[in-house]
Amino acid sequence: MNSTPLWLPSLTLAAAGGWLAATMFAGPVTSREPRFPQLTMDQLDAKQKPLGEQS
């Protein structure tokens with residue numbers, strides 16, 4: 001006899017509904033400001049400068 005717990009379909013439905021609501025009602029990201037400020041070469045330490053010079 002296959003006994004699936006009753007809470008499993010409810011949990012699946014709730015997760016799907018939450019995902020759907022999050023994707024439908026979430027606004028697009030409109031900020032053009034970078035999350036982290038751009039560092040200058042003067043702000044880099046000795047270990048970081050070789051990597052910074054590559055780009």
Side-chain angles (χ1 to χ4, degrees):
M1 184 170 141
N2 187 4
S3 62
T4 303
L6 285 177
W7 57 267
L8 189 57
S10 298
L11 180 64
T12 304
L13 184 61
W19 174 82
L20 185 62
T23 56
M24 287 181 61
F25 299 117
V29 177
T30 57
S31 175
R32 295 287 178 190
E33 185 176 319
R35 184 171 175 187
F36 299 105
Q38 186 71 32
L39 297 177
T40 64
M41 289 298 287
D42 294 334
Q43 293 172 313
L44 300 179
D45 64 18
K47 292 180 181 179
Q48 295 169 329
K49 280 191 181 187
L51 185 60
E53 292 168 351
Q54 289 179 2
S55 52

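We count residues from 1, following the sequence as given.
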Evaluate the side-chain proximity of Q43 to Q48: yes if any heavy-atom separation is below 4.5 Å, no if none is. no
Any link between L13 and L20 through a network of hydrophobic side chains (Ile, Leu, Val, Met, Phe, Trp, Tyr) touching at under 4.5 Å? no
Should L51 and L39 be counted in the same cluster of Ile, Leu, Val, Met, Phe, Trp and Tyr side chains packed under 4.5 Å apart? no
